[in-house]
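The block underneath contains the structure these notes are about, expressed in structure tokens.
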Amino acid sequence: MAITPPSQRIWWKEPIAKIELIWIAIAFTWGLFMFFMMIYWHGAGEQNLSNEAYKTTAQQYARKAQAVIDEYTVRQENGFPVVRPPEGSDVYLIARLWQWWPILELEKDKSYRLHLSSMDWQHGFSLQPVNINVQVHPGYDMVVTVRPDQAGEYGIVCNEFCGIGHHNMVGKIYVVE
Ligand code: CUA
């Protein structure tokens, strides 16, 4: 909103100043550069995950997850099943208010298809200390192919605010030799 009208009523027909044209060209070129950097960095930066997403429902997803839990639970830990599925298999993690279910135990240098979905609303899967982040939505089965390259105990924290218990929404993944 202008306080006073422009002195030239037909201001949009003024020739563009050279310096302005140069800046438009610089901004446009930079924008293009950044656009192609996103594609390049996806492969070279090893930070962005190439995930797959499929439509699902909470019931459907929970059923698949429970089947894997029933088959491959090796022990209990504080009321959580510790699930150790075979190499190359589909591994399920359920996000819900306010926990990550179950605890997973994976083998170092083996690949798994890690599935993530939410039973209620949006959660954020953040794997620590490696800082891998995936958005977890209800109704979507997010699949990430993982190949842990270091043994140890990894923490999962929820990094998407999901209510009163958000700060307690932590989980665990073991990677064993
Ligand atoms: Cu789940 Cu915050």
Side-chain angles (χ1 to χ4, degrees), residues 34 37-39 41-43 45-177:
M34 293 299 276
M37 271 304 284
M38 288 195 298
I39 299 163
W41 203 242
H42 184 78
E46 294 185 344
Q47 283 181 327
N48 299 334
L49 300 169
S50 304
N51 57 273
E52 304 156 45
Y54 302 94
K55 281 209 161 185
T56 186
T57 62
Q59 292 78 2
Q60 222 174 44
Y61 186 85
R63 206 176 326 115
K64 286 186 187 172
Q66 196 55 49
V68 174
I69 293 168
D70 288 344
E71 192 164 359
Y72 299 111
T73 295
V74 289
R75 62 179 186 277
Q76 297 284 328
E77 209 178 284
N78 305 321
F80 282 72
V82 179
V83 178
R84 186 174 177 154
E87 167 185 9
S89 69
D90 290 278
V91 183
Y92 291 83
L93 204 54
I94 292 173
R96 63 187 171 213
L97 302 168
W98 286 279
Q99 60 185 200
W100 300 96
W101 184 271
I103 296 174
L104 297 174
E105 188 168 273
L106 308 177
E107 274 182 79
K108 182 179 172 245
D109 296 325
K110 303 281 168 65
S111 291
Y112 301 87
R113 281 169 58 78
L114 175 63
H115 294 249
L116 296 158
S117 190
S118 167
M119 295 295 103
D120 31 61
W121 58 68
Q122 187 178 359
H123 299 283
F125 172 92
S126 182
L127 190 67
Q128 299 301 332
V130 287
N131 203 27
I132 287 171
N133 298 285
V134 184
Q135 292 288 314
V136 184
H137 298 271
Y140 287 92
D141 179 354
M142 301 291 284
V143 191
V144 188
T145 302
V146 294
R147 194 182 175 86
D149 59 1
Q150 254 177 6
E153 186 184 319
Y154 294 82
I156 307 164
V157 299
C158 181
N159 65 358
E160 197 66 58
F161 184 71
C162 56
I164 196 86
H166 164 68
H167 62 287
N168 287 327
M169 190 169 164
V170 290
K172 215 188 280 184
I173 295 179
Y174 291 112
V175 175
V176 295
E177 299 274 356

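In each ligand, atom 1 is the first atom listed, and ligand 1 is the first ligand listed.
The number of heavy-atom neighbours closer than 6.0 Å to CD1 of Ile39, taken from other residues, nucleotides and ligands shown, is above 12.
Not a single donor-acceptor pair under 3.5 Å links the side chain of Tyr54 to the backbone N or O of Val143. No donor-acceptor pair closer than 3.5 Å links the side chain of Ser126 to the backbone N or O of Asn133. The closest donor-acceptor contact from the side chain of Arg113 to the backbone of Ser89 lies at 3.5 Å or more, if one exists at all.
Within a radius of less than 2.8 Å around atom 2 (Cu) of ligand 1, the protein N, O or S atoms are Cys158 SG, Glu160 O, Cys162 SG, His166 ND1.
Each of Arg75, Gln99, Lys172 was evaluated against Phe80; a single residue qualifies, Gln99, per the side-chain contact (heavy atoms from CB on, under 4.5 Å) test.
Taking both residues in full, the closest heavy atoms of Tyr140 and Ser117 are given as O-OG, 2.8 Å, listed atom of the first, atom of the second, then distance.
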